[in-house]
Amino acid sequence: MLNKKSIEDIDVSGKKVLVRCDFNVPLKDGVITDPKRIVEALPTIKYLMSHGAKVILCSHLGRPKGTFNMDYSLAPVAAKLSELLGREVPLAKDVVGSDAQSKAAALSDGDVMLIENVRFHAEEEKNDPVFSKELASLAEIYVNDAFGTAHRAHSSTAGVAAYLPAVCGYLIQKEIKIMGDALNNPVRPFVAILGGAKVSDKIGVINNLLTKADTIIIGGAMAYTFFKANGFSIGTSLVEDDKIDLAIELQQKAKENGVQLILPIDNRAGDKYAPDCHDITVDSDNIPDGYMGLDIGPKTEQMFADAVKDAGTVVWNGPMGVSEWDKFASGTRSVAKAIADSSAISIIGGGDSAAAVEKLGFADKMTHISTGGGASLEFLEGLELPGIAALNDK
Ligand code: AMP
């Protein structure tokens, strides 16, 4: 999976190149509130333009449910791209229709254009071969640079690769290099920090990391299923009763593999699931009736920071508590700070942990912040991502 051709391994000069980007940007009243995903796509786009390619960009935006719905038009993206590239980026009115075809045919070397939201066609998410072929017919080379959707087998992320030479762009190349090295050849000690709502979402990751990491730290609501499995009273904390046996099994497996599995020793708990609840700090074996654990406690913050301090590699996915509420954001903040302060190779999974790191201003202290939440989780699970598997091997 890791030895894929990139844009530098193929001659793009004078060729029409279809580039799948992740331009699924947040919008408010038609205005882009965070252009990060567009900015991150620029190195690949600029490389292709400066090497004489005729660049045809594509992406999805939101969930238009397979119909042309102009609320999900890529027009704001075209405008932002024009601004960032300092030249007009024309937007075709359609995806594979006559406007896209004629605009693509009229491109000169070094030109760039955008086609409309690929999800205006229901065939996209079905990975329909006819639609994939129509997309492919716009170009002579396919580049996938949308890591955020690489775990989906859709026409523009995977299907199209069957009909064209297919390589990755810089974003995907960076993701697979950094995360691949961390999994297969980590600088040790390798510490993984997992949080978030559900054990069930992270079973695959925990299982895979149990064969690779030296230490696995568990925080977030997930921890309470482990506590219950270990016979602690957990009050009204979130628990997955059907995962209790699994929590016992995972702890057993950690012991067998010589992996240190660390659970919180104290917690911040609230008397209801609300930001204005009454909160207390309690040890993990002593959460009172009527209280639910909503964040790790101060002793745990220190313990987790100590585990991170001398790490060679840290991978983090998922918040330590309900970090959306200030009262329960401390654990997530302290983990972000501990990682930022350590000299370890630090890899932050997408989603909540990436948002926390950015909000706290630690982004430039991390080695890598993944551009895909779901995709990075699947990568850490050791699964083959269809959007990467479809690309040509070196
Ligand atoms: P995930 O999508 O699995 O990464 O989970 C993120 C969500 O988990 C966030 O919305 C958090 O509010 C939630 N979460 C984390 N810790 C807890 C907790 N102790 N109790 C309830 N929800 C939590």
Side-chain angles (χ1 to χ4, degrees), residues 148 151 192-209 216-230 232-241 243 246-247 250 262-301 304 315-336 339 347-360 369-381:
H151 59 315
I193 308 173
L194 300 172
K198 291 185 179 164
V199 185
S200 45
D201 289 345
K202 305 272 157 80
I203 298 168
V205 182
I206 299 175
N207 259 321
N208 194 33
L209 291 176
I216 300 180
I217 291 175
I218 297 206
M222 276 204 295
Y224 302 100
T225 298
F226 284 85
F227 290 172
K228 188 158 177 191
N230 294 348
F232 295 174
S233 55
I234 58 165
T236 51
S237 305
L238 276 188
V239 64
E240 287 168 276
D241 281 312
K243 294 289 175 290
L246 179 84
L250 290 171
I262 310 184
L263 295 167
I265 47 174
D266 64 344
N267 311 267
R268 295 179 171 93
D271 62 351
K272 57 183 175 183
Y273 182 75
D276 64 346
C277 63
H278 176 254
D279 64 300
I280 55 172
T281 299
V282 285
D283 285 345
S284 294
D285 57 358
N286 198 23
I287 300 175
D289 287 349
Y291 277 84
M292 64 195 317
L294 294 171
D295 195 10
I296 58 173
K299 286 191 279 189
T300 304
E301 287 180 9
F304 286 2
V315 169
W316 177 28
N317 188 298
M320 296 292 102
V322 185
S323 57
E324 300 93 319
W325 302 337
D326 211 36
K327 224 177 212 176
F328 301 107
S330 176
T332 301
R333 263 200 309 262
S334 74
V335 162
I339 301 173
I347 299 172
I348 314 301
D352 292 310
S353 3
V357 163
E358 260 145 38
K359 197 171 142 202
L360 293 164
I369 300 179
S370 177
T371 52
S376 70
L377 258 189
E378 291 199 12
F379 195 97
L380 295 175
E381 280 182 53

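What you see below is based on every heavy atom in this structure, not just the backbone, and it leaves out hydrogens, waters and symmetry mates. In listed order, ligands and their atoms are each counted from 1. In this text the structure is predicted, and so the values were computed from the model without any measurement.
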Tell me the protein heavy atom at minimum distance from [atom], and give that distance in Å.
| atom | result |
| --- | --- |
| atom 23 (C) of ligand 1 | Val322 CG2, 3.6 Å |
| atom 12 (O) of ligand 1 | Glu324 OE1, 2.7 Å |
| atom 6 (C) of ligand 1 | Asp352 OD2, 3.2 Å |
| atom 8 (O) of ligand 1 | Ala197 N, 3.4 Å |
| atom 18 (C) of ligand 1 | Ala221 CB, 3.5 Å |
| atom 19 (N) of ligand 1 | Gly293 O, 2.9 Å |
| atom 21 (C) of ligand 1 | Leu238 CD1, 3.6 Å |

Expected output: side-chain Ser370 to main-chain Gly349 donor-acceptor under 3.5 Å: no

Contacting atoms of ligand 1, where contact means under 4.0 angstrom from a heavy atom of [X]:
| X | result |
| --- | --- |
| Lys202 | 3 (O), 4 (O) |
| Leu294 | 19 (N), 20 (N) |
| Tyr224 | 19 (N) |
| Pro319 | 4 (O), 6 (C) |

Heavy-atom nearest neighbour of atom 14 (N) of ligand 1 within options Gly321, Gly220, Ser323: Gly321

Test item, Phe328 contacting ligand 1 (heavy atom, 4.0 angstrom): no

Ligand 1 contacted by Met222 (non-hydrogen, < 4.0 Å): no

Heavy atoms, side chains only, cut-off 4.5 Å: are [X] and [Y] in contact?
| X | Y | result |
| --- | --- | --- |
| Asp279 | Phe328 | yes |
| Trp325 | Asp295 | no |
| Pro264 | Lys299 | no |
| Tyr273 | Leu238 | no |
| Asn230 | Leu263 | yes |
| Glu324 | Thr332 | no |

Donor-acceptor pair between Tyr291 and Asn267 side chains, under 3.5 angstrom: no

Region of Met292 engaging ligand 1 - heavy atom pairs below 4.0 Å: neither

Nearest heavy atoms of Leu294 and Lys272, plus distance in Å: CD1-O, 3.9 Å

From Arg268 atom CZ to Lys327 atom NZ, the distance as rounded to the nearest 0.5 Å: 12.0 Å

